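First the structure, in the form of structure tokens, and then the observations on it.
Everything quoted here is computed from the prediction, not taken from an experiment. No hydrogens, no waters, no symmetry mates; every other heavy atom, side chains included, goes into these values. We number each residue from 1, following the sequence as shown.
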Amino acid sequence: MLKNQFVLNFNRPEYVPYPELFISTLAWKVASVHAWKGLSQGRPIGLVYERRENGSPKIELTRTNPNLDSAKRAVWHAAVSKQFEVSSVEDAGDAFLLGLKGVASPKMKSQPATPITLHSALLQNTFGAFNKQGPPDIGSILEHMFLMGSPRDGKSTASELWLRAMGDRNQNDELFGLLDETIREGIIPNEGAAKCFGEAQVIDIHEISSGFAIGTPFAWLYEHWSLITSPDWVSALPPRRWVDWATAVLRTGFAMCLLWEMRWYQELAAALLAKKDFEQKEIVDAVRLGAPLLQWRASSEGDSLRDIAEPVRASIAHGVAIRAALDDSDIAYDGVSFAEQVQLLRLNADLMDALK
């Protein structure tokens with residue numbers, strides 16, 4: 001679709017409250033757990049490892065730490081006993097569950113699980129993490145960002161690369177594999193003997209915005225996620241360190257792709273109003289070779305000048321407004337080329353007024 005070359009085709013993100021959620025959202029793209037999908041009493045199931053308060057009344061909150069329920073704790077201990085010879089199943093089980101805890105500040109109401117194994121990545125989802133009925137589909141956004149940076153002959157999605165990396169980890173590390181089996185049998189409901197992971201959801205390559213695979217954060221995300229999930233990197237790093245680095249790649253790519261997208265709309269709007277002919281690559285180059293997406297000032301300049309929050313908010317507000325104008329359902333994107341579409345957009349007086 002030609003429109004995808006103007007309006008980047010991924011949904012609006014929101015601030016992600018827990019870094020662990022980046023990997024978990026990819027995991028759910030290649031996983032299915034019947035008891036944790038769909039609706040419960042007419043509400044979506046929100047998964048979270050621990051939460052001190054009740055969830056939103058619009059979701060069915062499920063705490064996945066088995067220590068919070070006596071029946072689930074017994075199932076967990078049975079799974080630990082099956083996989084490990086230990087003097088105290090209770091102590092070993094508690095140690096494993098403590099080790100699964102992710103990052104949380106004292107003010108946070110929820111505690112995420114670290115996605116250190118295949119199945120521990122399923123212990124939270126976006127409904128539980130955002131604590132609301134309609135959370136952003138972070139997994140789909142990441143998949144589209146990743147594929148936007150890929151060469152057109154790229155065959156794997158971001159979630160498929162993660163699944164392959166975790167499979168390599170299970171094969172190469174016996175202790176790690178046993179822990180993952182314990183989590184699968186001791187925590188995942190009614191799925192202990194079942195296969196949770198399968199093929200990724202099919203993404204139509206024609207839905208991916210094209211022309212952004214060189215010199216952009218999308219290309220950076222594609223390159224570095226492909227590297228960190230490669231067998232060499234998986235075998236070189238301890239499990240927890242690998243998860244930290246993999247999360248850093250996703251988190252950095254997610255943020256910089258969003259900022260780049262906002263600058264793209266600003267440069268595109270300016271070019272449309274300038275009345276000069278241009279091609280898509282010229283706008284890509286204007287963003288790529290323009291001012292840095294973030295300005296890092298010297299420590300001597302003071303906190304108010306070094307604060308990046310306001311410039312980021314302003315850039316996002318500006319970019320989102322331009323995107324909304326370009327994404328109007330009344331605008332026809334039926335040109336035969338990018339350059340012809342530019343001319344058609346310039347004939348739309350309402351759009352030009354909105355961009356001004």
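A salt bridge is defined here as a Lys NZ or Arg NE, NH1 or NH2 lying under 4.0 Å from an Asp or Glu carboxylate O, and Asp69 with Arg63 fails to meet this definition. Checked for salt-bridge contact, Arg241 and Asp244 miss the test: no charged N lies under 4.0 Å from a carboxylate O. Using a 4.0 Å cut-off between charged side-chain N and carboxylate O, Glu90 and Arg73 make no salt bridge. Using a 4.0 Å cut-off between a side-chain N of Lys or Arg and a carboxylate O of Asp or Glu, Glu20 and Lys101 do not qualify as a salt bridge. With respect to the salt-bridge test (charged N to carboxylate O, under 4.0 angstrom), the residues Arg323 and Asp327 qualify.
Side-chain contact of Lys29 with Ser140: a donor-acceptor pair under 3.5 Å is present, judged by distance alone. Of the N and O atoms on the side chains of Asn4 and Ser209, not one donor lies less than 3.5 Å from an acceptor on the other residue. Checking Glu207 against Asn9 by side-chain atom types alone, no donor-acceptor pair falls below 3.5 Å. No side-chain donor-acceptor contact under 3.5 Å links Ser110 and Arg52. With no hydrogens or angles considered, a side-chain donor-acceptor pair links Gln343 and Asp277 at under 3.5 Å. At a cut-off of 3.5 Å, with distance as the only test, no side-chain donor of Asp137 or Asn11 sits close to an acceptor on the other residue. With no hydrogens or angles considered, a side-chain donor-acceptor pair links Ser24 and Gln124 at under 3.5 Å. Of the N and O atoms on the side chains of Ser159 and Glu143, at least one donor lies less than 3.5 Å from an acceptor on the other residue.
Counting only distance, with no hydrogens or angles, the side chain of Arg263 and the backbone of Ala291 share a donor-acceptor pair below 3.5 Å. At least one donor-acceptor pair under 3.5 Å links the side chain of Thr25 to the backbone N or O of Phe22. A distance-only check finds a donor-acceptor pair linking the side chain of Asn172 to the backbone of Asp168 [under 3.5 Å]. Judged purely by atom type and a 3.5 angstrom limit, Ser337 uses its side chain to pair as donor or acceptor with the backbone of Glu340.
Relative ring orientation between Phe146 and Tyr222 is described as tilted, the plane-to-plane angle lying within the 30° to 60° band. Using bins of under 30°, 30° to 60° and over 60° for the plane-to-plane angle, the ring pair Phe197/Trp162 lands in the tilted bin. Classified by interplanar angle (parallel below 30°, tilted 30° to 60°, perpendicular above 60°), the ring pair Trp260/Phe212 is perpendicular. Ring geometry for Phe96 versus Phe84: interplanar angle of 30 to 60°, hence tilted. The aromatic rings of Phe6 and Phe338 lie parallel to each other, their planes meeting at an angle below 30°, with 60° marking the opposite boundary.
Looking at heavy atoms from C-beta onward, Val103 lies out of side-chain contact with Pro112 at the 4.5 angstrom threshold. Between Leu61 and Phe127 the shortest side-chain heavy-atom distance does not fall below 4.5 Å. Between Leu100 and Asn65, the closest side-chain pair of non-hydrogen atoms is not below 4.5 Å. Residues Thr216 and Trp264 form no side-chain contact, since every pair of their non-hydrogen atoms from C-beta on lies 4.5 Å or further apart. Side chains of Thr157 and Glu160 form a contact here, defined as non-hydrogen atoms less than 4.5 Å apart. Annotation: side chain of Thr229 is not in contact with side chain of Arg164 (no heavy-atom distance under 4.5 Å). Two residues are said to be in side-chain contact when any heavy atoms from C-beta on lie closer than 4.5 Å; Ile322 and Leu268 fail this criterion.
Residues Ala339 and Glu279 approach most closely at CB-OE2, 3.4 Å, considering heavy atoms. Summarising the geometry of Gly335 relative to Leu2, their closest heavy-atom pair is O-CD2, 3.2 Å, with the distance given to 0.1 Å. Closest heavy-atom contact between Pro217 and Leu293: CG-CD1, 4.4 Å. Residues Pro44 and Leu39 come closest through the heavy atom pair N-CD2, 3.5 Å. Minimum interatomic distance between Thr117 and Phe176 (heavy atoms only, all atoms of both residues): CA-CZ, 3.6 Å. Ala158 approaches Trp225 most closely through the heavy-atom pair O-NE1, 3.0 Å.
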### Message
Working note: Trp242 + Ile228, criterion side chain to side chain contact (heavy atoms under 4.5 Å, CB included); need CA distance, chi angles, decisive distance, verdict.
### Response
CA-CA 8 Å; Trp242 185 88; Ile228 197 66; 3.8 Å; yes
### Query
Step by step, would you call Val48 with Thr62 a side chain to side chain contact (heavy atoms under 4.5 Å, CB included)?
CA-CA 6 Å; Val48 65; Thr62 298; over 6 Å; no
### Task
Could you go through the side chain to side chain donor-acceptor pair (under 3.5 Å) check for Thr182 and Lys82 one step at a time?
CA-CA 8 Å; Thr182 305; Lys82 179 180 177 180; over 6 Å; no
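Judged as a side-chain hydrogen bond (donor to acceptor under 3.5 Å, both in side chains), the pairs with a partner in residues 311-322 (not counting sequence neighbours) are, in order, Gln266-Ser315, Glu310-Arg313.
Rounding to the nearest 0.5 Å places CD1 of Ile208 at 5.0 Å from CG of Leu147. Distance check, rounded to the nearest 0.5 Å: CD of Glu14 to CD1 of Ile138 gives 7.0 Å. To the nearest 0.5 angstrom, Leu250 atom CG is 5.5 Å from Leu26 atom CG. Here Met148 contributes atom CE and Phe218 contributes atom CZ; the two are 3.5 Å apart, rounded to the nearest 0.5 Å.
Hydrophobic cluster membership differs between Leu98 and Ile183, with clusters built from Ile, Leu, Val, Met, Phe, Trp and Tyr side chains linked at under 4.5 angstrom.
Screening Val75, Leu122, Leu123 for a side chain to side chain contact (heavy atoms under 4.5 Å, CB included) with Ile187, the sole residue that qualifies is Leu123.
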Identify every side-chain donor-acceptor pair in residues 346-356 under 3.5 Å, counting partners at least two apart or on other chains, and give the distances.
{"unit_1": "Arg346", "atom_1": "NE", "unit_2": "Leu272", "atom_2": "O", "d": "3.0"}
{"unit_1": "Arg346", "atom_1": "NH1", "unit_2": "Lys276", "atom_2": "O", "d": "3.2"}
{"unit_1": "Arg346", "atom_1": "NH2", "unit_2": "Ala271", "atom_2": "O", "d": "2.8"}
{"unit_1": "Arg346", "atom_1": "NH2", "unit_2": "Lys276", "atom_2": "O", "d": "2.6"}
{"unit_1": "Asn348", "atom_1": "OD1", "unit_2": "Asp350", "atom_2": "N", "d": "3.2"}
{"unit_1": "Asn348", "atom_1": "OD1", "unit_2": "Leu351", "atom_2": "N", "d": "2.9"}

